[in-house]
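Beneath this line is the structure, given in structure tokens, with notes to follow.
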Amino acid sequence: MAQVIALVDCNNFYVSCERLFRPDLQGVPMVVLSNNDGCAVARSAEVKDLGVKMGVPRFQIEELIEQHGICTFSSNYTLYGDISARVMNTLESIAPRVFVYSIDEAFMDLSGLQKNYSLLEFGRFTKSKVEKEVGIPVCVGISTTKTLAKLANQGAKKYHSTGGVVDLTEVKRQRKLMAMTEVGDVWGVGRRISQRLESMGVKSALDLADADPKWIRKHFSVVLERTVSELNGVSCIPFDDTPPVKKQIVVSRSFGERITELAAMRKAIAGFITRAAEKLRKEGQVAQHLQVFLRTSPFAKSQPQYANSTSERLVEPTDDTRLLLAASMRLIERIWLSGYQFAKAGVMLSDFYDPKLQQQTLFCAEGDSRSEALMTTLDQINYKTGRVQFARRIDRNPWDMKREMLSPRYTTSWLELPRVK
DNA sequence: TCTGGGGTCCTAGGACCC
DNA sequence: TCTGGGGTCCTAGGACCC
């Protein structure tokens, strides 16, 4: 029989993480905001019921927050990352192959399981195990392709009578659920494409499943053609339990306050590149391409607009913060213009190599081994204390992001352990 | 006043080479 | 008057995801 895939997806993940340490907030309407407290990125069921959409800017829901006493939190990614790892560990303890797809969801390969077990029962077991061991509520969708598993999971979330678990391996049930699902809710169909599809008469997921793949490929793309196949039980997206190494690393932020001075921008970029280099070393890679970009706010229509980016190919791939720092300073000066209010900037590393496979180049500089030792030590100290940093980024700056409603790092900092009263 | 951040994949088009 | 064509590499941009 064909493969069987389950998708386990945490319910309102960031909200659930916050509630884990604040049981008094059960049933209280809550949102978690993005960086800079800009947009709603997670909503509790109560807030979804009020019609607050994902990604809505906070200032647009200020009144609702007031009226309904909605409790707001700044994103606490240290906490969410730690809880996420616990959820994934639990899944790995019950399924041989798990592919972590994002911070709050993972695919499990259940192929062959149905010979001896009920898939529905296994789904329920998974759900209760995660809830018991980690305390985070999840839904489970099971089917024969990733796209259908995703659909099953949406069904489990939407229809409470399912108890949060849907087995969608039967074609008849697949078609029934697809008939009730808007085409824009299919995984891989975004706003643009769903608009075009609807104007062409393809309104439900079932319409899309029954569309002619050749017609889809001609009018859309090979990507959407794959989605059509997946909806028909033909797997096109590999299970992928060994995630490939990253191909690029981006660190960028919107500023809490606009930047107008080159000195401040240099400092911000220095912070970004330092963080990017840390991520690069964690991947165990070296990068040869570095890009730096900045832009004013596209929303500030009355202000003069300017956005630019520039890049450099390094002589040799590296993961050394000092070399990347120097290069990023050259680049930012190349595109800097005075007289603008910059809202966002960032750096991007790409063109990665595995240093273990790298041949020594002819002109390999002496002292490189020292560089490696220095960087490793630095990363270790940083991990433990977050204190030792390159001089350029020590203090808090006025443009650092706003996080005015941040919960404590309950699980990762001794100083912020929850107290039992 | 106030609108996230970090990724992936695909395609089109230009530069360059033979 | 007639002014190649195909392959490859790179980049920018568009679409999607969470």
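For clarity, every value in this text was computed on a predicted model and none was experimentally measured. Sequence lines set the chain letters: A, B, ... in the order given, protein chains first and strands last, and positions in each chain run from 1. Side chains are part of it too, since the values below use all heavy atoms of this structure and drop only hydrogens, waters and symmetry mates.
Rounded to a whole Å, the NE2 atom of A:His289 is 13 Å from the C1' atom of C:dC9. In this structure, the CG atom of A:Asp9 is 8 Å from the P atom of C:dC18, given to the nearest Å. Summarising the geometry, the separation between CD on A:Glu105 and P on C:dC17 is reported as 11 Å, rounded to the nearest angstrom. Following rounding to the nearest Å, A:Gln248 (CD) and C:dG13 (P) show an atom-to-atom distance of 15 Å. One interatomic measurement links the two molecules: CD1 of A:Ile237 to P of B:dT8, which rounds to 16 Å at whole-angstrom precision. The distance from atom NZ of A:Lys279 to atom P of B:dG5 is 11 Å, rounded to the nearest whole Å. Taking atom CZ of residue A:Phe99 and atom P of nucleotide C:dC17, one finds them 16 Å apart after rounding to whole Å. Between A:Glu225 atom CD and B:dT11 atom P there is a gap of 10 Å when expressed in whole angstrom units.
Among C:dC18, B:dT3, B:dG4, the nucleotide with an atom closest to any side-chain atom of A:Tyr77 is B:dG4. You'll find that the side chain of A:Asn35 is closest to B:dG5, out of B:dG5, B:dT3, B:dT8. Comparing atom distances between the A:Arg226 side chain and each of B:dG7, B:dT3, B:dC9 picks out B:dC9 as nearest. Closest to the side chain of A:Trp187, out of B:dG5, B:dC2, C:dC17, is C:dC17. The nucleotide whose nearest atom lies closest to any side-chain atom of A:Lys150 is, among B:dG5, C:dC18, B:dG4, C:dC18. When distances run from any side-chain atom of A:Arg258 to the nucleotides B:dC2, C:dC16, B:dC10, the shortest one goes to B:dC2. Set against B:dT3, C:dA15, B:dG7, the side chain of A:Arg192 has C:dA15 as its closest nucleotide.
Note on ring orientation: taking the six-membered ring where Trp is involved, the planes of A:Tyr14 and A:Tyr80 are parallel (angle under 30°, cut-offs 30° and 60°). A:Trp187 and A:Phe107 have tilted rings, their planes meeting at an angle from 30° to 60° on a 0 to 90° scale. The aromatic rings of A:Phe255 and A:Phe272 sit parallel, their planes meeting at an angle under 30°, below the 60° perpendicular limit.
Residues that satisfy the side-chain contact (heavy atoms from CB on, under 4.5 Å) test with A:Arg196, not counting sequence neighbours, are A:Phe220. In this structure, the salt bridge (Lys or Arg N to Asp or Glu O under 4.0 Å) partners of A:Lys150, at least two apart in sequence or on a different chain, are A:Glu105.
A:Val100 comes within contact range of no nucleotide atom at all, as no heavy-atom separation falls under 4.0 Å. Among the atoms of the strands shown, none is found under 4.0 Å from any heavy atom of A:Leu33. At the heavy-atom level, A:Ile193 lies under 4.0 Å from the strands shown only through sugar-phosphate atoms. At the heavy-atom level, A:Val56 lies nowhere under 4.0 Å from the strands shown. Counting non-hydrogen atoms under 4.0 angstrom, A:Asp104 reaches the backbone sugars and phosphates but no base.
Residue A:Ser254 places at least one side-chain N or O closer than 4.0 Å to OP1 or OP2 of B:dG5. Distances shown here put every side-chain N or O of A:Arg313 at or beyond 4.0 Å from the OP1 or OP2 atom of C:dC10. Under 4.0 angstrom from either OP1 or OP2 of B:dG6 there lies at least one side-chain N or O belonging to A:Ser252. A sub-4.0 Å separation between OP1 or OP2 of B:dC9 and a side-chain N or O of A:Lys247 is present. Put simply, A:Arg196 has no side-chain N or O that comes within less than 4.0 Å of OP1 or OP2 on C:dA15. In this structure, A:Lys344 reaches the B:dG5 phosphate: one of its side-chain N or O atoms is under 4.0 Å from OP1 or OP2.
By the stacking rule of 5.5 Å between ring centres and under 30° between planes, A:Tyr101 does not stack on the base of C:dC18.
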* To do: Could you give me the CA-CA distance, side-chain angles and deciding distance for A:Leu280 and A:Phe352, then say whether side chain to side chain contact (heavy atoms under 4.5 Å, CB included) is met?
  => CA-CA 9 Å; A:Leu280 183 64; A:Phe352 293 169; 3.8 Å; yes
* To do: Please step through side chain to side chain contact (heavy atoms under 4.5 Å, CB included) for the pair A:Ile216 and A:Leu208, ending with a clear verdict.
  => CA-CA 9 Å; A:Ile216 291 288; A:Leu208 183 60; 4.0 Å; yes
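Rounded to the nearest 0.5 angstrom, A:Ser297 OG and A:Arg258 CZ are separated by 4.5 Å.
Stem regions for DNA chain B, each three or more consecutive Watson-Crick or G-U pairs with both distances under 3.5 Å and listed by first number, read B:5-18 with C:5-18.
Comparing the C1' positions of C:dG4 and B:dC17 gives a spacing of 13 Å, expressed to the nearest Å.
Position along DNA chain B of the nearest nucleotide to A:Phe299 versus A:Ser221 favours A:Phe299 as the more 5'-ward residue.
For A:Asn12 and A:Ser44, the side-chain atoms include no donor-acceptor pair closer than 3.5 Å.
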